[in-house]
Protein chains: 2
Amino acid sequence: MQISSRFSVAVHVLSLLALQQPGDALLTSERMAGSVNTNPVVIRRILGQLKKAGLVEVRPASGGTFLTRSPRAISLLEVYRAVEVVAEGQLFSVHDQPNPACPVGRHIQAALNATLQRAQAALEQQLAGVLLAQVTTDIQAKAAASS
Amino acid sequence: MQISSRFSVAVHVLSLLALQQPGDALLTSERMAGSVNTNPVVIRRILGQLKKAGLVEVRPASGGTFLTRSPRAISLLEVYRAVEVVAEGQLFSVHDQPNPACPVGRHIQAALNATLQRAQAALEQQLAGVLLAQVTTDIQAKAAASS
DNA sequence: CTTTATTGTAACTGATGTTGTTACAATGCG
DNA sequence: CGCATTGTAACAACATCAGTTACAATAAAG
């Protein structure tokens with residue numbers, strides 16, 4: 001099973017917000033949905049999660065949406081956590097009722113746990129090491145190169 | 001979304017096979033299902049995948065099931081790949097039709113790709129570094145300690 | 001050669017999660 | 001006030017998962 005695209009959509013939306021300039025038209029959920037190519041409600045749901053995580057400020061009605069911090073202070077791990085694509089520490093699911101009468105059944109969970117936690121932590125560390133600013137810089141570089 | 005428990009069940013089953021002794025009663029799907037605490041068909045489906053990956057030999061009818069290699073020569077990454085919990089290189093799903101008329105839409109996929117691949121590779125490397133033999137040794141150690 | 005236990009596989013179910021959609025009340029700017 | 005927009009609920013369509021029933025194919029044992 002794949003990790004939900006909520007994560008990539010969230011990074012997309014945050015990139016739009018990070019690159020927004022003072023003079024620009026306000027970024028509404030409709031506009032953002034146009035860039036992501038989805039329904040505005042999908043964007044609003046994700047914005048709700050980013051807001052709950054304290055990453056964005058959404059001013060109701062026609063107030064616009066803004067980052068609460070510099071893109072240099074937002075890691076992709078924070079975004080990943082914000083959109084709850086995976087419950088904390090639960091990337092792998094483990095069969096939960098093995099037979100305790102069998103030595104393997106009794107100990108498999110504990111024997112596997114350390115490895116699964118390490119694997120998950122390794123993935124999260126990679127996300128922690130990338131900042132939103134790096135993504136937007138990369139986007140701008142690619143945009144400049146292709147023009 | 002979580003990674004399917006097929007992976008942990010497969011490691012459980014392979015541990016049973018690794019710890020099986022010559023004199024023991026044959027490990028049928030029914031017996032293994034008893035240890036995992038699930039339905040025998042679930043076990044047979046997973047055995048089918050492990051067989052396809054060349055990790056086990058299943059002799060039809062009442063012939064028993066065996067590892068084709070030493071547990072020291074089977075990494076958890078091979079098991080992970082065998083049960084196809086995640087299509088190769090596709091742990092993260094990315095929204096696939098961003099708007100090319102927007103600079104962010106046009107470049108977000110490429111900008112994210114390297115990071116997502118690295119994160120996934122970090123996870124897989126951890127699995128590659130653990131052998132089935134380590135799991136069974138750990139199980140035996142825990143079983144000895146609790147007796 | 002027949003009996004018997006077992007595997008391999010198809011088909012179906014119920015539960016859950018995702019993405020997209022419609023609908024509409026609440027909000028706050030002009 | 002009027003209006004664009006947000007926040008949220010409700011629902012549909014779809015996919016995957018885990019469990020189950022059913023049964024033909026297989027091969028070992030007598």
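Throughout, protein chains are lettered first and strands after them, A, B, ... in sequence-line order, and every chain is numbered starting at 1.
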How close or far is atom [atom2] of [N] from atom [atom1] of [X], stated in whole angstroms?
{"X": "A:Gln2", "N": "D:dC17", "atom1": "CD", "atom2": "P", "answer": "10 Å"}
{"X": "A:Gln90", "N": "C:dT16", "atom1": "CD", "atom2": "C1'", "answer": "16 Å"}
{"X": "A:His95", "N": "D:dG19", "atom1": "NE2", "atom2": "P", "answer": "10 Å"}

5'-most contact on DNA chain D (nearest-nucleotide basis), A:Val41 vs B:Ser5, goes to A:Val41
For A:Arg44 and for A:Met1, find the nucleotide of DNA chain D with the closest heavy atom, then tell me which residue's nucleotide is more 5'.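 Its nearest nucleotide being more 5', the pick is A:Arg44.
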Phosphate OP1/OP2 of [N]: any [X] side-chain N/O under 4.0 Å:
{"X": "A:Thr28", "N": "D:dA4", "result": "no"}
{"X": "B:Thr38", "N": "D:dA18", "result": "no"}
{"X": "A:Arg59", "N": "D:dT6", "result": "no"}
{"X": "B:Ser93", "N": "C:dT18", "result": "no"}

B:Asn39 side chain, from C-beta outward: closest of C:dG8, D:dC17, D:dG19: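 The nucleotide sitting nearest to the side chain is D:dG19.
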side-chain contact (heavy atoms from CB on, under 4.5 Å), that's the test. Do B:Ile43 and B:Val9 meet it? Break it down for me. CA-CA 8 Å; B:Ile43 301 294; B:Val9 172; 4.1 Å; yes
Give B:Arg45 one of three labels, base, sugar-phosphate or nothing, depending on what nucleic acid heavy atoms sit under 4.0 Å from its own.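 Touches a base.
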Closer than 4.0 angstrom, basic N to acidic O: yes or no for B:Arg69 and B:Glu78?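 So B:Arg69 pairs with B:Glu78 through a salt bridge.
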Cluster link B:Phe66 to B:Leu14, ILVMFWY, side chain under 4.5 Å: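 Not linked; separate clusters.
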